[in-house]
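Whatever order the structure lists ligands and atoms in, that order sets their numbers, starting from 1. Numbers for residues simply follow the sequence, beginning at 1. Source: prediction; values computed, not measured.
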Amino acid sequence: MTEARKALEKIELELLLEAIFRRYGYDFRHYAQASLKRRVAQSMRQAGVSRVADLIPPILHDKVFFDDFLKFMSVTVTDMFRDPDFFAALRTEVIPVLKTYPFIKIWHAGCATGEEVYSLAVLLKEEGLYERTQIYATDYNNHSLAVAREGIYSLKQMQQYSENYIRAGGRRSFSDYYHAKYGAAKMHESLKDNVTFANHNLATDGVFGEMQVVICRNVLIYFDQQLQDRVLTLLHDSLSPRGFLCLGNKESLKFSAVQHYFEDQVYPQRIFKRVPSRGTHLDR
Ligand SMILES: C[S@@+](CC[C@H](N)C(=O)[O-])C[C@H]1O[C@@H](n2cnc3c(N)ncnc32)[C@H](O)[C@@H]1O
């Protein structure tokens, strides 16, 4: 692609993102460029158009088209007990602290189709903590949230999920937690008793109050530094003093606006503890 064409495409992309923000309030203006461009290109192929600008009219005037476009914008890849070492560390390094609390609130931000939420519910049940925990599971993608609420997954994946569960320190058989029927696995209803699934956009929405744990894994990687700082500040401000923040294994607090307000709890698994005495970045 020539430099002139690249410059034009940059303008078109900025106009597209501005149009989406002003028309629908979804703010993709600070998403990381490489993956954003890939997603827009996919949507262009689907729509059969050759220029980014050609997406603007249907997006502005056709809500169904925009709804489809949103599906392209979300990377919803997830797993049960994704990164089993993370869940193992949660069990051994965080759960013992949570056991000293009378009531626990956990915010699972960017929960996609819910696999991690059910994994967390299983872990909390096995540790005798589920009954006194409230989990808020949020994502900005309503399609993913609908799947999460249903809690029905492909049976084919359960073998892999069972292995993850064992590696994460699971104490029973993973099949104890779902019913298998017609090639699908339906997670037990009781795992949802203390879960509230809700729409929340990390780019535009506000703080959740006084959580003991915030889990936001494999979401920041899609954001640029400015949006990462906004979101990390939001996550920090949603935590109670000494609350735990869990990020994905390619994500870090280094060079972020809140790096001095956390200490490492289990660094390889990206579990951080909010430092109580230093307040929020706004106190500086
Ligand atoms: C790759 S998935 C990660 C899912 C899960 N946390 C995991 O690690 O397996 C990224 C999720 O972030 C969500 N996401 C992206 N931008 C978001 C935003 N601005 N607000 C809330 N969720 C967002 C996507 O919809 C998607 O469900």
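Counting only heavy atoms of the protein, atom 4 (C) of ligand 1 lies nearest to Gly110 O, 3.4 Å. In terms of protein heavy atoms, atom 16 (N) of ligand 1 is closest to Tyr31 OH, 2.7 Å. Closest to atom 7 (C) of ligand 1 among all protein heavy atoms lies Arg82 NH1, 3.2 Å. For atom 15 (C) of ligand 1, the closest heavy atom belonging to the protein is Tyr140 CE2, 3.5 Å.
Between Glu116 and ligand 1, an N or O atom pair is found at a separation short of 3.5 Å. At least one N or O atom of Leu202 sits closer than 3.5 Å to an N or O atom of ligand 1. For Arg217, a nitrogen or oxygen atom sits less than 3.5 Å from a nitrogen or oxygen atom of ligand 1, counting backbone and side chain alike. Distances between N or O atoms of Asp139 and those of ligand 1 include at least one value under 3.5 Å. Considering backbone and side-chain N/O of Asp79, none are found under 3.5 Å from N/O of ligand 1. Considering backbone and side-chain atoms together, Thr76 places no N or O closer than 3.5 Å to any N or O of ligand 1. Ligand 1 has no N or O atom lying under 3.5 Å from any N or O atom of Ala109, backbone or side chain. Residue Tyr222 places no N or O, backbone or side chain, under 3.5 Å from any N or O of ligand 1.
Under 3.5 Å, the side chains of Asn199 and Asn142 contain a donor-acceptor pair of N or O atoms. In this model, no donor atom of one side chain and acceptor atom of the other lie less than 3.5 Å apart for Thr76 and Ser74. A side-chain donor from one of Tyr177 and Glu126 sits under 3.5 Å from a side-chain acceptor of the other. One side chain, Thr196 or Gln134, offers a donor N or O that lies under 3.5 Å from an acceptor on the other.
In the vicinity of Asn201, heavy-atom distances shorter than 4.0 Å reach the ligand 1 atoms 18 (C), 19 (N), 20 (N). Less than 4.0 angstrom separates some heavy atom of Ala112 from each of these atoms of ligand 1: 4 (C), 27 (O). Less than 4.0 angstrom separates some heavy atom of Val219 from each of these atoms of ligand 1: 12 (O).
For Ser74, every heavy-atom contact with ligand 1 shorter than 4.0 Å involves the side chain, none the backbone. Both the backbone and the side chain of Thr78 come within contact range of ligand 1, each with a heavy atom under 4.0 Å. Contact annotation for Tyr26 and ligand 1: no heavy atom of the residue comes within less than 4.0 Å of the ligand.
A cation-pi arrangement is not found for Arg270 relative to Phe86, the charged atom failing to lie both closer than 6.0 Å to the ring centre and inside a 45° cone about the ring normal.
Using 4.0 Å as the threshold, Phe223 has a heavy atom nearer than that to some atom of ligand 1. At a 4.0 Å cut-off, at least one heavy atom of Ala203 sits close enough to ligand 1 to count as contact. Heavy-atom distances between His200 and ligand 1 reach below 4.0 Å in at least one pair.
The side-chain heavy atoms of Tyr153 and Met158, taken from C-beta on, include a pair separated by under 4.5 Å. A heavy-atom distance below 4.5 Å is found between the side chains of Met73 and Tyr140.
Under the 30°/60° scheme for interplanar angles, the aromatic rings of Phe197 and Tyr118 are found to be tilted. Aromatic ring pairs are classed by plane angle as parallel below 30°, tilted from 30° to 60° and perpendicular above 60°; the pair Phe69 and Phe66 is parallel.
Under 4.0 Å is where a charged nitrogen must lie from a carboxylate oxygen, and between Glu251 and Arg217 no such pair does.
Paired with Phe208 under the rule ring-ring contact (aromatic ring centres under 6.0 Å, His included), one option of His108, His200, His236 passes, and it is His200.
When all heavy atoms of Ala89 and Val266 are compared, the closest pair comes out as CB-CG1, 4.2 Å.
Other residues, nucleotides and ligands contribute at most 12 non-hydrogen atoms within 6.0 Å of the NZ atom of Lys63.
Between the choices Asn218, Thr113, Val75, the shortest heavy-atom distance to atom 26 (C) of ligand 1 belongs to Val75.
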